[in-house]
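Please read the structure below before turning to the comments.
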Amino acid sequence: MTDRVRSVSVGARSFDVVAGRHDRYWHECELGLEAHTFEVLTSRLGPGSTFVDVGSWIGPMTLVAAACGARVIAYEPDPAAADELAANVALNSHFDVDIQRVALWTSTGTRQLRGGPVGLGESMSSFSGRAERVGSTHVSTIDARAAARTWPADALVKIDVEGAEYRVLPRLRPFLAAHHPTIVLSVHGYDVRASLPRWPSPLRRVAHHLRHATRTIPLLWAIRPYPAVRGSDHAQPRWHPVSRLDLALRIWERELLLEHT
């Protein structure tokens, strides 16, 4: 039995997808899920533009960007998600999408990718070793700095890589400093207490803040060329100004819009 195909309309853009197990997700997109991010894409992309989707998953941002007429370079290492992404792209034969089944990282090689709480193919596969993850596979990686050399200087870039952004974005700094592309960046949290369960509570808090500093400082250094920063989070699911001090104190669990003005 073949999967059912459905049409999705997001931000006045329409495309076809395989309904399957993610039918509810597509329905929620039509109801406004991630509307603020889709707005960035639909307002800035068109024929002749390029969208780089790092962590494409099954393609929500990729498909919207392609529906705008943009050329898309989509990076997705999770084999289950990449298969669904490819199926969705194939349903829209006029879309210009180059699917790269690799993960951006600090070097070229292979790494173990672990599934989310329900396994591979969902949106939470990552390089994290946290215990609640289900299933794993080895995937190819590519040096993010080398990959960026193939991107147009004026590309719009989205990065959503479940915690790997702390390593990937600093690696992209030469590209960011030279071209100042607009970036939609998802910054994920981490739980150092999960790896230090027997430490006394005060020591866990100290370790957490030290870990936060070691991860955040390189990331903040990487985005120094961007004088305009906007963010969204669960409390404010829309873009609003974010100060540098606020970023330094609490950068995790946010989506950031980096713009050079």
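Worth saying up front: this structure is predicted, and the values here are computed from it rather than measured.
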State, yes or no, whether a side-chain contact exists between [X] and [Y] at a heavy-atom distance under 4.5 Å.
X      : Y      : result
Thr50  : Trp151 : no
Thr37  : Glu255 : yes
Arg230 : Leu258 : no
Arg254 : Ser232 : no
Ile251 : Leu256 : yes
Ser49  : Arg44  : no
Asp78  : Leu113 : yes

- Item | Modelled atom types, side-chain donor and acceptor of Thr182 and Glu259, under 3.5 Å | no

- Item | Side chains of Gln112 and His138, donor plus acceptor under 3.5 Å | no

Which atom pairs, one a donor and one an acceptor, fall under 3.5 Å between side chains of residues 55-71 and the rest of the protein, sequence neighbours left out?
unit_1: Ser56; atom_1: OG; unit_2: Asp53; atom_2: OD2; d: 3.3
unit_1: Ser56; atom_1: OG; unit_2: Thr62; atom_2: OG1; d: 2.8
unit_1: Trp57; atom_1: NE1; unit_2: Gly121; atom_2: O; d: 3.1
unit_1: Trp57; atom_1: NE1; unit_2: Glu122; atom_2: O; d: 3.2
unit_1: Thr62; atom_1: OG1; unit_2: Asp53; atom_2: OD2; d: 2.7

- Residue pairs, two or more places apart or on separate chains, that pass ring pair (Phe, Tyr, Trp, His ring centres under 6.0 Å) and touch residues 84-110: Trp105-Phe127

- Message: Please list all pairs meeting ring pair (Phe, Tyr, Trp, His ring centres under 6.0 Å) that have one or both residues in residues 216-248, counting only residues at least two apart or in different chains.
- Response: His36-Trp239

- Among all residues two or more places apart in sequence or in another chain, which pass the side-chain hydrogen bond (donor to acceptor under 3.5 Å, both in side chains) test with Ser9? Ser14

- Who are the side-chain hydrogen bond (donor to acceptor under 3.5 Å, both in side chains) partners of Thr137, not counting sequence neighbours? none

- Message: When you group the ILVMFWY residues by side-chain heavy-atom contacts below 4.5 Å and let the links chain together, are Phe51 and Leu176 in the same group?
- Response: no

- Item | Glu30/Arg6 salt bridge by N-O under 4.0 Å criterion | yes

- Item | Arg171 and Glu165 ion-paired at < 4.0 Å | no

- Message: Does Leu156 form a side chain to side chain contact (heavy atoms under 4.5 Å, CB included) with Leu41? I'd like the steps, not just the answer.
- Response: CA-CA 8 Å; Leu156 173 61; Leu41 273 57; 4.2 Å; yes

- Message: Set out, in order, the CA-CA distance, both residues' side-chain angles and the distance that settles side chain to side chain contact (heavy atoms under 4.5 Å, CB included) for Asp83 and Arg101, then state yes or no.
- Response: CA-CA 9 Å; Asp83 286 346; Arg101 292 174 179 255; 2.9 Å; yes

- Looking only at heavy atoms, the pair that brings His188 and Asp160 closest together is CE1-OD1, 3.0 Å

- Task: Keeping the roles fixed (side chain from His180, backbone from Ala177), state whether a donor-acceptor pair exists under 3.5 Å.
- Result: yes

- Message: side chain to side chain contact (heavy atoms under 4.5 Å, CB included) for Val157 and Val184? Distances and angles first, verdict last.
- Response: CA-CA 6 Å; Val157 181; Val184 180; over 6 Å; no

- Message: Running the 4.5 Å side-chain criterion over Ile, Leu, Val, Met, Phe, Trp and Tyr, what cluster does Leu91 land in, apart from itself?
- Response: Val5, Val18

